[in-house]
**Q** 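Let me begin by handing over the structure; questions about it come next.
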Protein chains: 2
Amino acid sequence: MVETTRRREIESAASTLFRERGYSGTSVRDIARAVDIQGASLYAHVSSKQDVLWSIVERMASRFEAAADVVEAGDPGALVFGPRVQLMSLVRAHVRVLTDDVEAARVFVREWQALEAGRRDSIASRRDAYEARFRAAIDIGVEIGAFGDIDPALTATYILTALNGLVSWYSPTGRLSPRTIAEAYADLSVRAVQPPGGPS
Amino acid sequence: MVETTRRREIESAASTLFRERGYSGTSVRDIARAVDIQGASLYAHVSSKQDVLWSIVERMASRFEAAADVVEAGDPGALVFGPRVQLMSLVRAHVRVLTDDVEAARVFVREWQALEAGRRDSIASRRDAYEARFRAAIDIGVEIGAFGDIDPALTATYILTALNGLVSWYSPTGRLSPRTIAEAYADLSVRAVQPPGGPS
DNA sequence: CCTACCGATCGGTAGG
DNA sequence: CCTACCGATCGGTAGG
């Protein structure tokens, strides 16, 4: 369980399989076959099937958090342009993480509930905290009147589920580039929170 | 396999289990236990586990189609008020079907890919046709300038995935009523397609 | 709807 | 990383 490249190979193969068949629809032998070893040999690299799922989900959770950190720390325009720009940046960052590794992203979005209780709870609260960052931007926008009179929590959920929906249709070889999608989704999201008269 | 009420009981119990653990994470014995019979006895009512999934998914597909039929046939205002009202009505109808039976809706949204190839393809094309009805409303709005300059296909996907996201958080006992959600989601969706200057 | 049973496969361990 | 193996469980059938 030391050699990192082999471990990554396994996680990558597992991501694809978990995405296609789900966590419980994928057997340890399926994963082993995908990396051309015997089923039992997989345990030379991982300690359990749960362990593989955890690695994938945990890594993706960290990526989303790191991307939001960059947005919140690095954008000097946030204070100038306010919640509109902040929300658009968060959306673009989220889409970028999703499209950077759709296989793993899909596992994160759809299979995290297959984690054992303790780990599942940990991911659940990290997801809540992450969603709160979107909610915060919307809160401010509503307060200062830059956004319409919307429910911030419900709106954050609406937007985030729309973004996460990407994992069920996006393909790197599809007609739309990650950039195009990120821009279109940022526009749609920011327009959804607009006040009736349009942006000021 | 005649008695309808028992069959419905089984499908309802299966919906809950499929929602919680996924199709492949649920055993035939799990379903049987939920309706208090022996595992093998389930086969007196259903012909296979796939069969149960199919019944749930097919029924939900029909409900979505029927709801959209009502919107398209029954609303005399559609011609007067145009694509804005049409889109809002489609959104409201979709949310209503989702909230009417979240357990089954979640199975429809998340487990239909566990169907065997033929049935999966059939559902896939019905989903495409359904999404096309949203796309059509958006197409018209863009053409006549009621909506902004957006990609109708991408926008329809954005909206529909946001709506379907409901299945991962909605609870009948939660703080938000189906009506409140339907109205908020219709507003958010219609604002997302708005032209820059706001509605005319 | 039950008991009894089927072959196949499951996640994982032992011991090299 | 392999062979050999473990007990448990899988979806489903036979026969009543």
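Throughout, protein chains are lettered first and strands after them, A, B, ... in sequence-line order, and every chain is numbered starting at 1.
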**Q** Name the stems with DNA chain C in them: runs of three or more consecutive Watson-Crick or G-U pairs, distances under 3.5 Å?
**A**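 Consecutive-pair runs (3 or more) involving DNA chain C: C:1-16 with D:1-16.
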
**Q** For atom CZ of A/Arg179, decide whether the heavy atoms of other residues, nucleotides or ligands shown that lie under 6.0 angstrom number more than 12.
**A**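 No, not enclosed.
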
**Q** What is the distance from CD1 of B/Ile37 to C1' of C/dC1, rounded to the nearest Å?
**A**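 Rounding to the nearest Å, CD1 of B/Ile37 and C1' of C/dC1 are 7 Å apart.
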
**Q** How many whole angstroms separate atom CZ of A/Arg21 from atom P of C/dT9?
**A**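 Interatomic distance, CZ of A/Arg21 to P of C/dT9: 13 Å.
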
**Q** Got a list of side-chain donor-acceptor pairs under 3.5 Å for residues 162-169 of chain B, not counting sequence neighbours?
**A**
{"residue": "B/Asn164", "atom": "OD1", "partner": "B/His94", "partner atom": "NE2", "Å": "2.8"}
{"residue": "B/Asn164", "atom": "ND2", "partner": "B/Leu160", "partner atom": "O", "Å": "3.4"}
{"residue": "B/Ser168", "atom": "OG", "partner": "B/Gly165", "partner atom": "O", "Å": "2.7"}

**Q** Are the side chain of A/Arg19 and the backbone N or O of A/Val102 linked by a donor-acceptor pair below 3.5 Å?
**A**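 No: the side chain of A/Arg19 does not pair with the backbone of A/Val102.
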
**Q** Sort me out a list of protein N/O and nucleotides 10-14 of chain D N/O pairs below 3.5 Å, or just none if empty.
**A**
{"residue": "D/dC10", "atom": "OP1", "partner": "B/Ser27", "partner atom": "OG", "Å": "3.3"}
{"residue": "D/dG11", "atom": "OP1", "partner": "B/Thr26", "partner atom": "O", "Å": "3.3"}
{"residue": "D/dG11", "atom": "OP1", "partner": "B/Lys49", "partner atom": "NZ", "Å": "2.9"}
{"residue": "D/dG11", "atom": "OP2", "partner": "B/Val28", "partner atom": "N", "Å": "2.8"}
{"residue": "D/dG11", "atom": "N7", "partner": "B/Arg29", "partner atom": "NH1", "Å": "2.5"}
{"residue": "D/dG11", "atom": "O6", "partner": "B/Arg29", "partner atom": "NH2", "Å": "3.4"}
{"residue": "D/dG12", "atom": "OP2", "partner": "B/Tyr43", "partner atom": "OH", "Å": "2.9"}
{"residue": "D/dG12", "atom": "OP2", "partner": "B/Lys49", "partner atom": "N", "Å": "3.0"}
{"residue": "D/dG12", "atom": "O5'", "partner": "B/Tyr43", "partner atom": "OH", "Å": "3.4"}
{"residue": "D/dG12", "atom": "O6", "partner": "B/Arg29", "partner atom": "NH2", "Å": "2.6"}

**Q** Who are the salt bridge (Lys or Arg N to Asp or Glu O under 4.0 Å) partners of A/Arg126, not counting sequence neighbours?
**A**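 Per chain and number, A/Arg126 pairs via salt bridge (Lys or Arg N to Asp or Glu O under 4.0 Å) with A/Glu58, A/Glu65.
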
**Q** Using the salt bridge (Lys or Arg N to Asp or Glu O under 4.0 Å) criterion, which residues pair with A/Asp69? Sequence neighbours excluded.
**A**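 Applying salt bridge (Lys or Arg N to Asp or Glu O under 4.0 Å) to A/Asp69 gives A/Arg133.
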
**Q** Run through A/Trp54, A/Phe64, A/Tyr130, A/Phe18 and flag the one making a ring pair (Phe, Tyr, Trp, His ring centres under 6.0 Å) with A/Phe108.
**A**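 Testing A/Phe108 for a ring pair (Phe, Tyr, Trp, His ring centres under 6.0 Å) against A/Trp54, A/Phe64, A/Tyr130, A/Phe18 leaves exactly one candidate, A/Phe64.
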
**Q** Report the distance from atom NE2 of A/His45 to atom C1' of D/dC1, rounded to the nearest whole Å.
**A**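 To the nearest whole Å, that distance equals 7 Å.
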
**Q** Taking the basic N atoms (NZ, or NE/NH1/NH2) and the acidic carboxylate oxygens, is any pair closer than 4.0 Å for B/Arg63 and B/Asp100?
**A**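 Answer for the salt bridge query: no.
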
**Q** For residues 111-124 of chain A, please give each side-chain donor-acceptor pair under 3.5 Å, one per line with the distance, not counting sequence neighbours.
**A**
{"residue": "A/Glu111", "atom": "OE1", "partner": "A/Tyr23", "partner atom": "N", "Å": "3.1"}
{"residue": "A/Gln113", "atom": "OE1", "partner": "B/Arg106", "partner atom": "NH2", "Å": "3.2"}
{"residue": "A/Arg120", "atom": "NH1", "partner": "A/Leu115", "partner atom": "O", "Å": "3.1"}

